[in-house]
J.: 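Below you'll find the structure I mean.
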Amino acid sequence: MTSGLHSERTRLAWVRTATLLAVAGLVATGAGLRGGEGPVMIVPFAVAALCGAILLLRTGARYRRVERALREGAPLDDTTDARLAWAGVLCVVAGALALVLTR
């Protein structure tokens with residue numbers, strides 16, 4: 001296995017995560033708006049979509065930081081991206097919980 005491909009696979013994993021958050025958030029928000037749901041359900045999904053979109057926009061810069069850190073042997077601080085991903089996932093969970101509790 002080529003050691004140079006680790007950062008590319010990691011970038012693709014972040015892109016998949018970000019895309020899933022953005023698309024799932026948009027679909028759930030759209031369904032909530034069409035179904036006449038209240039903001040208790042719509043807002044968490046909209047925030048999840050926003051987190052996914054921000055993560056998607058940050059993937060290029062993150063990839064460059066990872067490559068630079070690998071070349072220089074420096075540690076990588078990726079807490080911002082991880083927190084955005086967690087926030088998005090928690091918003092999806094909160095929206096789904098609101099949907100279940102209001103039914």
Side-chain angles (χ1 to χ4, degrees):
M1 181 163 309
T2 306
S3 62
L5 296 179
H6 297 298
S7 59
E8 284 85 1
R9 287 195 310 267
T10 301
R11 180 182 186 194
L12 290 174
W14 278 102
V15 168
R16 283 192 307 266
T17 301
T19 303
L20 181 64
L21 273 176
V23 171
L26 286 175
V27 168
T29 300
L33 289 172
R34 283 189 304 279
E37 300 294 334
V40 171
M41 189 192 97
I42 294 172
V43 170
F45 288 126
V47 172
L50 181 63
C51 288
I54 292 170
L55 276 175
L56 199 53
L57 290 173
R58 290 178 50 91
T59 56
R62 184 180 195 287
Y63 174 72
R64 287 187 294 277
R65 286 192 319 270
V66 167
E67 284 292 314
R68 189 175 338 112
L70 286 173
R71 276 193 312 274
E72 298 170 358
L76 179 66
D77 180 26
D78 59 352
T79 56
T80 302
D81 294 330
R83 286 180 181 160
L84 273 171
W86 271 109
V89 169
L90 290 176
C91 285
V92 169
V93 169
L97 184 62
L99 177 66
V100 168
L101 293 177
T102 59
R103 296 286 167 189

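Quick note: numbers below take in every heavy atom, side chains included, and nothing from hydrogens, waters or symmetry partners.
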J.: So how far is it from Leu26 CG to Phe45 CZ, rounded to the nearest 0.5 Å?
T.: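 One gets 12.0 Å once the value is rounded to the nearest 0.5 Å.
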
J.: How long is the straight-line distance from CD1 of Ile54 back to CG of Leu50, given to the nearest 0.5 Å?
T.: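 Here the rounded value is 4.0 Å.
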
J.: Please list every donor-acceptor pair under 3.5 Å in which a side-chain atom of residues 36-43 meets a protein atom from a residue at least two apart or in another chain.
T.:
from: Glu37; atom 1: OE2; to: Arg103; atom 2: NH2; distance (Å): 2.0

J.: Taking side-chain hydrogen bond (donor to acceptor under 3.5 Å, both in side chains) as the test, write out the residues that go with Arg62, two or more places apart.
T.: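 Arg62 satisfies side-chain hydrogen bond (donor to acceptor under 3.5 Å, both in side chains) with Asp78, Asp81 once adjacent residues are dropped.
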
J.: Please say yes or no: joined through hydrophobic side-chain contacts below 4.5 Å, possibly via intermediate residues, are Leu55 and Val47 part of one cluster?
T.: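 Different clusters.
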
J.: What pairs of donor and acceptor atoms, side-chain ones from residues 12-23 against any protein atom, are under 3.5 angstrom apart with sequence neighbours left out?
T.:
from: Thr17; atom 1: OG1; to: Ala13; atom 2: O; distance (Å): 2.9
from: Thr19; atom 1: OG1; to: Val15; atom 2: O; distance (Å): 2.7

J.: Closest approach of Ala69 and Pro75, non-hydrogen atoms and distance?
T.: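 Scanning both residues, the minimum pair turns out to be CB-O, 4.4 Å.
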
J.: Return the CD to CD distance between Glu67 and Glu72, rounded to the nearest 0.5 Å.
T.: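 With rounding to 0.5 Å, CD (Glu67) is 11.5 Å from CD (Glu72).
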
